[in-house]
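Notes follow once the structure below has been shown.
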Amino acid sequence: MLESANATNRWVNTIDFQNPEVIAKAFRIMENNIYCTLSTCSFDGYPWVSPVFFAYDDNCNIYWSSAIESKHSQNLYNNDGKVAIAIFSSSVSQGTADGLYFYGTASELKPEETENILQLLLNRAPRKHNRTADDYLNDSPRRIYQCQPQEAWVTGQRLPFDNQLIDTKVQICLQSLGEYMNKN
């Protein structure tokens with residue numbers, strides 16, 4: 001059922017699921033930010049967040065490189081790859097930030113995909129690197145990881161409620177976001 005954001009549905013707007021303006025906003029957030037916050041959880045329930053440099057493809061997959069032994073990488077290996085990602089700019093005034101949120105599963109990239117995805121990361125990096133696929137394969141301590149989003153939301157309107165403003169989210173259609181990305 002499509003509905004506007006309210007306390008009953010935890011302040012999530014589903015009416016604008018495929019709204020072109022909302023989809024464009026989600027794309028701008030991805031395009032204009034190079035870091036995301038990666039949230040993982042250990043097997044025994046301890047949360048962990050890490051800022052990571054990221055790239056993305058036209059299917060809304062998110063990519064980053066990390067050490068195999070880092071806490072967030074180990075959490076992914078031990079919790080079936082469950083991950084949440086937030087992308088936002090922390091340099092804006094309070095109450096004006098737009099964010100994009102993903103829930104999905106993450107895994108180590110397949111070796112045969114490493115070269116192509118490394119190029120995505122290198123092309124997005126503001127500082128140029130001389131890295132090759134070998135820097136992420138075999139006995140290297142680093143790997144490239146991929147998140148395949150299953151659900152996504154973008155920051156919605158701030159709604160007045162009693163004497164407060166409540167932050168809302170708009171659930172977005174990943175297929176519509178992917179189609180938008182393919183056009184731009």
Side-chain angles (χ1 to χ4, degrees), residues 1-64 66 70-73 75-76 79-106 124 145-184:
M1 176 173 80
L2 300 178
E3 57 186 335
S4 59
N6 60 64
T8 306
N9 67 12
R10 299 184 179 172
W11 303 103
V12 176
N13 168 339
T14 55
I15 291 174
D16 292 318
F17 189 67
Q18 294 180 296
N19 180 312
E21 292 175 11
V22 173
I23 299 299
K25 177 181 177 179
F27 176 70
R28 281 192 308 274
I29 293 168
M30 286 183 79
E31 186 178 48
N32 293 329
N33 292 283
I34 61 171
Y35 285 95
C36 67
T37 302
L38 181 71
S39 177
T40 61
C41 191
S42 67
F43 181 76
D44 51 355
Y46 291 96
W48 188 257
V49 294
S50 302
V52 295
F53 172 78
F54 77 98
Y56 57 90
D57 66 17
D58 292 343
N59 293 314
C60 305
N61 294 308
I62 307 290
Y63 302 95
W64 67 94
S66 289
S70 67
K71 187 179 268 306
H72 56 270
S73 297
N75 284 349
L76 293 174
N79 75 359
D80 299 320
K82 295 176 190 158
V83 65
I85 293 175
I87 303 170
F88 62 96
S89 172
S90 64
S91 63
V92 298
S93 300
Q94 180 182 357
T96 64
D98 285 327
L100 179 59
Y101 313 87
F102 292 106
Y103 170 77
T105 54
R124 191 154 156 77
Y145 296 86
Q146 171 187 12
C147 170
Q148 294 178 306
Q150 296 165 348
E151 295 184 77
W153 304 263
V154 69
T155 304
Q157 296 177 323
R158 299 185 90 205
L159 297 179
F161 184 81
D162 290 337
N163 229 4
Q164 305 175 50
L165 288 175
I166 304 294
D167 293 329
T168 68
K169 306 286 179 274
V170 179
Q171 188 166 11
I172 60 171
C173 175
L174 284 167
Q175 181 178 344
S176 296
L177 179 56
E179 290 168 0
Y180 186 91
M181 294 166 84
N182 280 305
K183 292 178 189 174
N184 292 290

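Values in this document were obtained by computation on a predicted structure and should not be read as measured data.
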Does atom [atom1] of [X] have more than 12 heavy-atom neighbours, drawn from other residues, nucleotides or ligands, at distances under 6.0 Å?
{"X": "Lys82", "atom1": "NZ", "value": "no"}
{"X": "Glu3", "atom1": "CD", "value": "yes"}
{"X": "Phe17", "atom1": "CZ", "value": "yes"}
{"X": "Glu21", "atom1": "CD", "value": "no"}

Of all heavy-atom pairs between [X] and [Y], which one has the smallest distance, and what is that distance?
{"X": "Asp58", "Y": "Met181", "value": "OD1-O, 3.8 Å"}
{"X": "Leu174", "Y": "Ala152", "value": "CD2-CB, 3.6 Å"}
{"X": "Cys60", "Y": "Gly178", "value": "SG-N, 3.6 Å"}
{"X": "Tyr145", "Y": "Ser66", "value": "CE1-O, 3.8 Å"}
{"X": "Ala26", "Y": "Ile172", "value": "CB-CD1, 3.7 Å"}
{"X": "Ala86", "Y": "Tyr101", "value": "CB-CD2, 4.1 Å"}

Spatial distance of atom [atom1] ([X]) from atom [atom2] ([Y]) [nearest 0.5 Å]:
{"X": "Asp167", "Y": "Gln157", "atom1": "CG", "atom2": "CD", "value": "11.5 Å"}
{"X": "Cys41", "Y": "Asn75", "atom1": "SG", "atom2": "CG", "value": "7.0 Å"}
{"X": "Asn59", "Y": "Gln146", "atom1": "CG", "atom2": "CD", "value": "9.0 Å"}
{"X": "Gln171", "Y": "Ile15", "atom1": "CD", "atom2": "CD1", "value": "12.5 Å"}
{"X": "Trp64", "Y": "Cys36", "atom1": "CH2", "atom2": "SG", "value": "7.0 Å"}
{"X": "Ile34", "Y": "Ser89", "atom1": "CD1", "atom2": "OG", "value": "11.0 Å"}

Please walk me through it: do Thr105 and Val83 pass side-chain contact (heavy atoms from CB on, under 4.5 Å)? CA-CA 6 Å; Thr105 54; Val83 65; 5.8 Å; no

Under the side-chain contact (heavy atoms from CB on, under 4.5 Å) criterion, do Ile87 and Met30 qualify, and how do the steps go? CA-CA 7 Å; Ile87 303 170; Met30 286 183 79; 4.1 Å; yes

Checking [X] side chain against [Y] main chain: does a donor-acceptor pair fall under 3.5 Å?
{"X": "Arg158", "Y": "Thr168", "answer": "no"}
{"X": "Asn6", "Y": "Thr8", "answer": "yes"}
{"X": "Asn9", "Y": "Ser4", "answer": "yes"}
{"X": "Asp162", "Y": "Gln164", "answer": "no"}

Heavy-atom side-chain proximity of Phe27 to Asn184 below 4.5 angstrom: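 Yes - at least one pair of side-chain heavy atoms lies under 4.5 Å apart.
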
Ile85 and side chain to side chain contact (heavy atoms under 4.5 Å, CB included): which partner among Cys147, Pro149, Ser39?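 Considering Cys147, Pro149, Ser39, a side chain to side chain contact (heavy atoms under 4.5 Å, CB included) with Ile85 is found only for Cys147.
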
Pair [X]-[Y], side-chain donor/acceptor within less than 3.5 Å:
{"X": "Asn61", "Y": "Tyr56", "answer": "no"}
{"X": "His72", "Y": "Thr40", "answer": "no"}
{"X": "Gln18", "Y": "Ser176", "answer": "yes"}

Centre of Trp48's six-membered ring, under 6.0 Å away, within 45 degrees of the axis: is that where NZ or CZ of Lys71 sits?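 Here Lys71 passes the 6.0 Å and 45° test against Trp48.
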
Evaluate side-chain contact (heavy atoms from CB on, under 4.5 Å) for Tyr63 paired with Asp57, printing each intermediate quantity in order. CA-CA 8 Å; Tyr63 302 95; Asp57 66 17; 2.6 Å; yes

Under the criterion side-chain contact (heavy atoms from CB on, under 4.5 Å), I'd like the reasoning laid out for Phe88 against Leu100: C-alpha separation, chi angles, the key distance, then a yes or no. CA-CA 7 Å; Phe88 62 96; Leu100 179 59; over 6 Å; no

For Asn19, enumerate each residue passing the side chain to side chain donor-acceptor pair (under 3.5 Å) test, keeping only those at least two apart in sequence or located in another chain.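 Partners of Asn19 by the side chain to side chain donor-acceptor pair (under 3.5 Å) criterion, ordered by chain and then number, come out as Asp16.
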
Would you confirm whether the ring centroid of Phe161 sits within less than 6.0 angstrom of the ring centroid of Trp11?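 Judged by ring-centre distance (under 6.0 Å), Trp11 and Phe161 do meet the cut-off.
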
